[in-house]
Amino acid sequence: MTYGNKKVLVTGATGLIGKELAKPLTEAGFDIYAITIDENNPDNGIHWIKGNLFDEAFIENTMRAIQPDYLLNMAWATTGDYLYSDINYKFLNAGISLIRHFKNNGGKRAVYAGTCFEYKFKETPLKENDELETEKTVYTFTKNKLREIAEFYCKQNDISFGYGRIFYVYGKNENKTRLTGMLIDKLSKNETAIIKTGQLLKDYMYSKDIAAAFVKFLDCAVEGTVNICTGKQISVGDFGKTIAKKMNKTHLLEILAEETTQPQLIVGDNSRLKNEVGYEIKYNIESAISEVI
C-alpha cells in the first residue's frame, strides 16, 4: 500500500545498516530525509537534516516541516557499554517522541528496528510469536518497551506499524570491537586473530540485505514483528574462516571453543520476511564477505 506521498524520515542513516538504506529507498521511489549529528554526510540523494534526535523541539519542528507519510527508526547505540548504558532510555524517549509528532503531522506507516536479543533463546529457530525475555539488559528492555508503546499508540491512532527484529549483522567498515571488524583489522596487519567461542551457531546477515529488507518491509502493509534474518546458521568459527580464506590469511586465524554462558544456537525463522513481506536474500556469506573486504 502506498500513501499520498513517499516522503520518509529516517533515523540512524549513518550506522552500519543505515548507511546502506539510500540505494534501496531511492529504488523504491522514496523521497528520503534523514536526521544526523554528523558534519560531513555523503551526497547520496538523502536530504540531510542536522540536529539531535534527543531534542524534543527539534523533532517537533522537523516533523512539521517535512510531514512524511513514512517513518523508519533505525537509530540506537550499539558500541561501547551499550547493553547497560542510560543512553538506552534516551533512545526510548526519542522513539516515543518521533511517533507522537509523526502522528500529529499526518504520518501513516512506521517501521522500527528491534533486536533478536529480546527473545528467550531456545534450541530451535526463533519465531516472532516466541516467548520474550527482555529484562536481560537495559538495551533489550528499552527496545521492547519502545515496541510495546509505539505499537499500542499506532493502533490507537490508525497508523500502520512494523517492527523488525535484527539478528547478527556484518558489513563494511565495521567497528573493530565487533567480530568482523576485528578479524579484518588484525588479519590485514598480519596479526593473529583469535575467535574464542568458534563453536557457537549464529544467524549472520549482510548489512546491505538488512537495509533492503527494512525498505521492503516499510513499503508494504505487513504489521507487527518480523524477523530480519537469513534463517540459516553458521558457526562463528566457520564465519571467521570465510573471512580469513578470502584474505589468504587462514594461518593467522586461531579458533577456540571456550566455555561460555552464551546460547549454543541463535538463529531466526524468516518465514514472515520471505512469505509476507516478500523479501528474498540477495547475498550469501561468500559474496558479501568479498564486498566487505
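Please read all numbers here as calculations on a predicted model, not as lab measurements.
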Which heavy atom in [X] sits nearest to a heavy atom in [Y], and how many Å separate them?
X	Y	value
G12	A75	N-CB, 3.6 Å
L252	L187	CB-CD2, 3.6 Å
I184	I243	CG1-CG2, 4.0 Å
R272	T225	NH1-O, 2.8 Å
S188	M247	N-CE, 3.7 Å
F58	G51	CZ-CA, 3.4 Å

Distance-only side-chain donor-acceptor flag, [X] / [Y], under 3.5 Å:
X	Y	answer
T134	E118	no
H47	D31	yes
S160	E223	yes
Q262	K202	yes
R178	N175	no
N284	S287	yes

(message) Do M63 and L9 make a side-chain contact, defined as non-hydrogen atoms from C-beta onward lying under 4.5 Å apart?
(response) yes
(request) For the residue pair F121 and L126, establish whether any side-chain heavy-atom pair is separated by less than 4.5 Å. (result) yes
(request) Fit a plane to each ring of W76 and F91, take the angle between them on a 0 to 90° scale, and name the class: parallel (under 30°), tilted (30 to 60°) or perpendicular (over 60°). (result) parallel
(request) If a pair satisfies side-chain hydrogen bond (donor to acceptor under 3.5 Å, both in side chains) and one of its residues is in residues 206-218, list it, with sequence neighbours excluded. (result) Y206-E291, K208-E291, D209-Y279
(message) Tell me which pairs pass side-chain hydrogen bond (donor to acceptor under 3.5 Å, both in side chains) where either residue lies in residues 238-249, with sequence neighbours left out.
(response) N190-K249, S235-D238, K246-E286, K246-S290
Using a 3.5 Å distance criterion without hydrogens, assess whether the side chain of [X] forms a donor-acceptor pair with backbone atoms of [Y].
X	Y	value
K19	I17	no
W48	D38	no
N270	C229	yes
N144	T140	no
D203	G231	yes

Answer with yes or no whether the hydrophobic clustering places [X] together with [Y]; edges join I, L, V, M, F, W, Y residues whose side-chain heavy atoms lie under 4.5 Å apart.
X	Y	result
F239	I255	yes
I293	L183	yes
L21	V277	yes

(message) For F161 together with Y153, are the ring centres under 6.0 Å from each other?
(response) no
(message) For the aromatic rings, using the six-membered ring if either is Trp, is the centroid distance between Y139 and F117 under 6.0 Å?
(response) no
(message) Would you say that more than 12 heavy atoms from the other residues, nucleotides or ligands in this model lie under 6.0 Å from the NZ of K172, or not?
(response) yes
(request) Dump the intermediate steps for side chain to side chain contact (heavy atoms under 4.5 Å, CB included) on F214 and L72, then the final yes or no. (result) CA-CA 8 Å; F214 266 99; L72 182 55; 4.1 Å; yes
Going by an N to O cut-off under 4.0 Å, is there a salt bridge joining [X] and [Y]?
X	Y	value
K23	E27	yes
E56	R100	yes
D130	K122	yes
E133	K120	no
D185	K176	yes

(message) I want to check a possible cation-pi pair here: R109 against F217, using under 6.0 Å from ring centre and within 45° of the ring axis as the test.
(response) yes
(request) Measure from NZ or CZ of R165 to the centre of the six-membered ring of Y119 and say whether it is under 6.0 Å with the direction within 45° of the ring axis. (result) yes
(message) Once salt bridge (charged side-chain N to carboxylate O under 4.0 Å, His left out) is applied, do any residues pair with K282, and if so which ones, sequence neighbours excluded?
(response) none
(request) Evaluate the criterion side chain to side chain contact (heavy atoms under 4.5 Å, CB included) for residue pair N41 and I46; output intermediate values, then yes/no. (result) CA-CA 9 Å; N41 295 288; I46 291 178; over 6 Å; no
